[in-house]
Amino acid sequence: KKMFKVLVNFENLNITRNPMEFGKIVKITAVEPAVLINIINTFRTSNRSFLSPKASVKIIDTTIIDISHESLLRLWNRLRVWIKEEMESFEIYKNLCETAALYQEGKGSLLTNPELQIVLKWRENQNPTKDWGLRYDHSYARAINFLEDSKTKFNQDVIFKNLAQVKRIKRNKQFTFLVSIAC
């Protein structure tokens, strides 16, 4: 799934193949090379040939891996679902990068709920690597730091609100106790 998402380009909503060196695919997907080679070999057998190069070519870091035909992008339903997922993931990441840039310029604030929870869930589900992020925007580090700062601030706010509530409850109990003694 991760590999096929990497092998697709969807700039300007024009979905095309995105041939890439095997070494780059390994970095972006964060999948062990041996595991990835087994997957590639499964999809480039003579009876499937979804990927190129042909099965007779040995895969090394500089080997270009590509989807064998553009029609797969339109006709393979599972791949279309994966492309849609990748496009949605890209949109969340792009928005995160833009919001982080605005915050750094002093024109925005840290993320709060529900946006924060949406982005945290995205990160948990997608587990975006630095190399994945750099494909789309070169401010990956800033975006992830911004997300972590937002999460930290949110957690601190929750703690402070809970402490304030505990103090209120304690004060109310003391007040009630004093009023009952006075009565």
Side-chain angles (χ1 to χ4, degrees), residues 1-33 35-37 39-40 43-44 50-53 59-154:
K1 177 178 175 177
K2 287 181 176 183
M3 178 190 60
F4 276 100
K5 286 179 177 183
V6 169
L7 294 174
V8 175
N9 184 16
F10 50 84
E11 285 184 42
N12 304 325
L13 299 177
N14 187 19
I15 300 170
T16 58
R17 295 176 0 223
N18 186 34
M20 189 171 291
E21 289 182 349
F22 176 74
K24 289 182 182 178
I25 295 171
V26 169
K27 285 182 178 180
I28 292 170
T29 61
V31 174
E32 290 294 321
V35 172
L36 207 49
I37 286 173
I39 294 168
I40 291 169
F43 283 99
R44 67 181 188 143
F50 284 24
L51 296 174
S52 63
I59 297 175
I60 58 174
D61 280 351
T62 57
T63 303
I64 301 294
I65 307 298
D66 191 12
I67 295 174
S68 60
H69 199 279
E70 290 281 336
S71 63
L72 285 171
L73 302 174
R74 294 183 311 276
L75 301 176
W76 187 15
N77 288 334
R78 181 172 290 168
L79 181 57
R80 288 192 354 237
V81 168
W82 292 342
I83 292 168
K84 184 177 183 237
E85 287 174 5
E86 184 70 0
M87 292 171 85
E88 290 169 356
S89 187
F90 162 72
E91 282 298 319
I92 291 171
Y93 176 67
K94 184 180 83 170
N95 289 337
L96 177 64
C97 290
E98 290 170 358
T99 307
L102 289 172
Y103 178 73
Q104 187 176 24
E105 294 169 5
K107 298 178 182 175
S109 61
L110 293 172
L111 294 175
T112 57
N113 279 338
E115 294 84 10
L116 176 60
Q117 292 306 314
I118 290 168
V119 178
L120 288 172
K121 186 168 180 69
W122 162 80
R123 183 176 70 173
E124 181 182 321
N125 292 338
Q126 298 300 318
N127 194 21
T129 63
K130 179 179 179 181
D131 290 297
W132 177 88
L134 293 175
R135 283 181 68 201
Y136 299 118
D137 192 298
H138 293 298
S139 62
Y140 177 84
R142 175 178 57 200
I144 296 302
N145 288 337
F146 171 74
L147 179 57
E148 282 302 315
D149 291 346
S150 296
K151 181 181 173 185
T152 301
K153 173 83 167 75
F154 176 78

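Starting from 1, each residue takes its place in the sequence as its number. Side-chain atoms are counted along with the backbone in the values below, which use heavy atoms only and exclude waters and symmetry mates.
Taking CG of N9 as the reference point, atom CD1 of I15 lies at 9.5 Å (rounded to 0.5 Å). Of the inter-residue distances, the one linking R74 atom CZ with H69 atom NE2 reads 7.5 Å to the nearest 0.5 angstrom. One distance of note links CE of M3 with CD1 of I65; it measures 8.0 Å at 0.5 Å rounding. In this structure, I83 CD1 and L79 CG are separated by 4.0 Å, a value rounded to the nearest 0.5 Å. To the nearest 0.5 Å, atom OG of residue S71 and atom CH2 of residue W76 are 12.0 Å apart. In this structure, CD1 in I118 is found 6.0 Å from CD in E115, a value given to the nearest 0.5 Å.
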Could you walk me through whether L116 and K153 pass side chain to side chain contact (heavy atoms under 4.5 Å, CB included), step by step? CA-CA 11 Å; L116 176 60; K153 173 83 167 75; over 6 Å; no

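Between L110 and F146, the closest side-chain pair of non-hydrogen atoms falls below 4.5 Å. Inter-residue side-chain proximity for W82 and V8 is flagged as unmet; no heavy-atom pair is nearer than 4.5 Å. Between W122 and P128 the shortest side-chain heavy-atom distance falls below 4.5 Å. You'll find the side chain of E88 reaches within 4.5 Å of the side chain of K84, heavy atoms only. Between R44 and S52, the closest side-chain pair of non-hydrogen atoms is not below 4.5 Å. Annotation: side chain of I28 is not in contact with side chain of K5 (no heavy-atom distance under 4.5 Å). Contact annotation: the side chain of L111 approaches that of L96 to within less than 4.5 Å [non-hydrogen atoms, C-beta and beyond].
Taking every heavy atom of both residues into account, I67 and L7 meet most closely at CD1-O, 3.7 Å. Nearest heavy-atom pair across V31 and L36 is CG1-N, 4.1 Å. When every heavy atom of Y93 is checked against every heavy atom of L134, the shortest pair comes out as OH-N, 4.4 Å.
The pair E21-K27 fails the salt-bridge criterion, with no side-chain N (NZ, NE, NH1 or NH2) lying under 4.0 Å from an Asp/Glu carboxylate O. The residues K94 and E91 are annotated as salt-bridged, a charged nitrogen and a carboxylate oxygen being separated by less than 4.0 angstrom.
Under the 3.5 Å distance criterion, with hydrogens and angles disregarded, a donor-acceptor pair is assigned to the side chains of D137 and S139. In this model, a donor atom of one side chain and an acceptor atom of the other lie less than 3.5 Å apart for E86 and W132.
With D131 contributing its side chain and K24 its backbone, the two residues share no donor-acceptor pair below 3.5 Å.
For F90, the ring-ring contact (aromatic ring centres under 6.0 Å, His included) partners are F10, Y136, not counting sequence neighbours. Considering only residues two or more places apart in sequence or on other chains, D66 meets the side chain to side chain donor-acceptor pair (under 3.5 Å) condition with R17.
For residues 96-108, the set of pairs meeting the side chain to side chain donor-acceptor pair (under 3.5 Å) definition, not counting sequence neighbours, comprises Q104-R142.
Between F4 and F50, the gap from one ring centroid to the other reaches at least 6.0 Å.
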